Amino acid sequence: MTSLPTGTGTGVGSMPGTDAREAAAVVNGELDFTHLAELPARGIGADMVGRMGTLLVDLPIDAGPWGYRLSARPSGVTRAASDYLRFDLDAIEELWDAAGFIGTGRPVKVAVCGPFTFSASVELPNGHKVLRDTGAWRDVVASTAEGLSQHVSEVSRRLGADVTVQLDEPLIGAVLDGTVTPLTRLDPIRAIPLPEVANALGSIVEQVGRPAIVHNCGAPRWDLIARLRGVAHSVVLDRAVADGPDALDTAALDGIGDLIERGDVLVAGVVSAQREDRRARAETVATALAALTDRIGLARKVLSENVIVTPTCALAGATPTWARTALGVCARAGELLAEDPEAL
């Protein structure tokens with residue numbers, strides 16, 4: 001397994017608009033550590049849950065009364081999601097072919113909906129969430145590992161790239177706390193124990209066999225981060241850029257310190273995805289991250305060895321201009337971290 005390209009910037013996953021070629025051009029134009037863009041504005045089947053419905057093996061989805069639902073056979077939703085994914089892969093392959101990137105081992109990231117967020121979002125045929133049924137969510141975990149492995153193999157074959165995987169788990173806090181919305185208030189969904197969650201995510205990473213990022217755009221779950229080692233963890237840190245490291249609480253400072261000291265990678269979400277700030281500068285971001293490492297008591301070399309810079313979540317809701325700007329700021333900030341962190 002190769003290592004993550006640290007001292008760089010990348011995107012989270014989603015982008016505004018509906019044109020796969022345009023999104024690929026922006027992402028690959030601004031970033032050296034590029035990613036396969038998601039375009040949820042295209043509609044049902046194009047968001048992260050819908051896309052996962054076409055990657056899972058033997059677990060097709062359909063549209064239900066309140067969202068997605070597991071189905072007995074592939075549906076129009078499954079076919080739409082498959083078409084969107086094919087369009088996206090075709091767009092990046094065409095761009096890479098024209099640019100001479102194919103076969104160079106250039107890094108690329110594929111983001112997928114994690115099994116717990118998927119299970120907390122999708123219904124069983126009886127209307128209950130998949131998460132309510134232990135056997136069902138475990139089937140999703142196994143299917144995620146198999147489907148993601150196949151997806152990575154296809155991306156690697158098409159692009160000749162060094163592929164990183166990202167598991168998007170925005171609902172992981174609700175899963176761990178037992179606060180996922182049930183079918184009725186009289187039938188709550190129990191919390192999934194922390195060791196089971198960590199073991200399930202770790203098993204997926206191990207089976208896929210690629211560098212991995214676990215992305216949670218909600219409040220950081222330092223308890224999970226402490227248990228889930230050997231992967232990178234994405235943490236929203238835009239407050240530390242805006243207000244300095246003292247804006248973070250002790251748990252965040254200790255959690256970041258522990259994560260980096262054990263040799264894992266911090267994926268720092270530092271540029272607001274939707275709040276356009278024309279004052280945003282790569283130098284400001286890089287300096288703020290340097291101040292954060294100083295505050296924690298880490299050597300600044302970790303900025304080039306253990307940090308990747310990204311926007312915060314939901315870039316799909318930004319204007320196209322701001323999406324391009326935010327990615328460019330992250331890319332340049334990553335370069336500054338790699339060049340000479342001591343000079344920041």
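Atom set for the values below is all heavy atoms of this structure, side chains included, hydrogens, waters and symmetry mates excluded. Since we're looking at a predicted model, the values are computed, not measured.
- Taking CD of Gln150 as the start and CG of Leu56 as the end, the distance is 10.5 Å to the nearest 0.5 Å.
- Between Gly218 and Asn216, the shortest heavy-atom contact is N-OD1, 2.9 Å.
- Counting non-hydrogen atoms of neighbouring residues, nucleotides and ligands closer than 6.0 angstrom, the CZ atom of Arg239 reaches no more than 12 such neighbours.
- No salt bridge links Arg300 with Asp340; every basic N to acidic carboxylate O contact stays at or beyond 4.0 Å.
- Taking a 6.0 Å sphere around CZ of Arg21, one finds it holds 12 or fewer heavy atoms contributed by other residues, nucleotides or ligands.
- Between Arg221 and Asp223 there is a salt bridge, since at least one side-chain N of the basic residue sits less than 4.0 Å from a carboxylate O of the acidic one.
- Comment: Glu94 does not engage Arg158 in a salt bridge, judged by the lack of any side-chain N to carboxylate O separation of less than 4.0 angstrom.
- With respect to the salt-bridge test (charged N to carboxylate O, under 4.0 angstrom), the residues Arg106 and Asp162 do not qualify.
- Within the 4.5 Å cutoff, no side-chain heavy atoms of Thr134 are placed close to those of Ile192.
- Two residues are said to be in side-chain contact when any heavy atoms from C-beta on lie closer than 4.5 Å; Val271 and Asp238 fail this criterion.
- Smallest separation of non-hydrogen atoms from Ala20 and Phe87: CB-O, 4.1 Å.
- Arg324 and Glu30 are joined by a salt bridge, as a carboxylate oxygen and a charged side-chain nitrogen come within less than 4.0 angstrom of each other.
- Put simply, the side chain of Tyr84 does not reach to within 4.5 Å of the side chain of Leu39, judged on heavy atoms.
- Looking at every heavy atom in both residues, Ala318 comes nearest to Pro16 through O-CB, 3.3 Å.
- Atoms SG and CD1, on Cys330 and Ile308 in that order, are 11.5 Å from each other to the nearest 0.5 Å.
- Summarising the local packing, CZ of Arg190 is surrounded by more than 12 heavy atoms from other residues, nucleotides or ligands at distances under 6.0 Å.
- Of all heavy-atom pairs between Glu123 and Pro65, the closest is OE1-CD, 4.4 Å.
- A donor-acceptor pair is defined here as one N or O able to donate and one able to accept, closer than 3.5 Å; such a pair exists between the side chain of Asn28 and the backbone of Ala24.
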Working note: Val110 + Val152, criterion side chain to side chain contact (heavy atoms under 4.5 Å, CB included); need CA distance, chi angles, decisive distance, verdict.
CA-CA 8 Å; Val110 295; Val152 167; 4.2 Å; yes
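- Between the side chain of Lys109 and the backbone N or O of Ile213 there is no donor-acceptor pair closer than 3.5 Å.
- Side chain of Ser82 to main chain of Thr54: no donor-acceptor pair is present (N/O by atom type, distance under 3.5 Å, no hydrogens or angles).
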Side chain to side chain donor-acceptor pair (under 3.5 Å), that's the test. Do Asn126 and Arg132 meet it? Break it down for me.
CA-CA 11 Å; Asn126 62 11; Arg132 182 178 177 273; over 6 Å; no
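- Without hydrogens or angle criteria, Thr164 side chain to Ala212 main chain gives no donor-acceptor distance under 3.5 Å.
- Taking the charged nitrogens against the carboxylate oxygens, Asp264 and Arg229 have no contact shorter than 4.0 Å, which rules out a salt bridge.
- One distance of note links CG of Leu31 with CG of Leu327; it measures 5.0 Å at 0.5 Å rounding.
- For residues 113-122, the side-chain hydrogen bond (donor to acceptor under 3.5 Å, both in side chains) pairs, not counting sequence neighbours, are Thr117-Glu169.
- Taking the side chain as every heavy atom from C-beta outward, Asp47 and Glu38 never approach each other to under 4.5 Å.
- Of the possible polar contacts, one joining the Thr8 side chain to the Pro5 backbone as a donor-acceptor pair under 3.5 Å is found.
- Residues Leu298 and Glu261 meet the side-chain proximity criterion, which asks for heavy atoms closer than 4.5 Å.
- Applying the ring-ring contact (aromatic ring centres under 6.0 Å, His included) rule to Trp96 yields the partners Phe101; only residues at least two apart in sequence or on another chain are considered.
- Looking at Val27 and Met15, their side chains come closer than 4.5 Å, going by heavy atoms from C-beta outward.
- Here CG of Leu59 is found 4.5 Å from OG of Ser143. Values are rounded to the nearest 0.5 Å.
- What you find for Asp32 and Glu335 is that their closest heavy atoms are OD2-OE2, 4.1 Å.
- Residue Met52 is not grouped with residue Leu171 when hydrophobic side chains (ILVMFWY) are merged at heavy-atom distances under 4.5 angstrom, including chains of intermediate members.
- By the side chain to side chain donor-acceptor pair (under 3.5 Å) test, Asn199 pairs with no residue at all, sequence neighbours left out.
- Under the 4.5 Å side-chain criterion, counting only non-hydrogen atoms from C-beta, Ile204 is in contact with Pro115.
- Note that the CZ atom of Arg42 and the CG atom of Asp19 stand 9.5 Å from one another [nearest 0.5 Å].
- The minimum heavy-atom distance linking Val108 with Phe33 is given by the pair C-CE1, 4.1 Å.
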Could you please spell out the steps behind the side chain to side chain donor-acceptor pair (under 3.5 Å) verdict for Thr319 and Glu276?
CA-CA 9 Å; Thr319 65; Glu276 299 190 16; 2.8 Å; yes
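- Placement of Leu36 and Val214 within a single hydrophobic cluster is found when ILVMFWY residues are connected by side-chain heavy-atom separations under 4.5 Å, directly or transitively.
- Using a cut-off of 4.0 Å between Lys/Arg side-chain N and Asp/Glu carboxylate O, Glu196 and Arg138 are scored as salt-bridged.
- How far CG of Asp246 is from CG of Leu253: 7.5 Å, rounded to the nearest 0.5 Å.
- Put simply, the side chain of Ser75 gets close to the backbone of Ile61: a donor and an acceptor are under 3.5 Å apart.
- In this structure, the side chains of Leu237 and Leu266 come closer than 4.5 Å at one or more pairs of heavy atoms.
- Between Ile260 and the options Leu303, Val265, Val302, Ile296, a side-chain contact (heavy atoms from CB on, under 4.5 Å) holds for only Val302.
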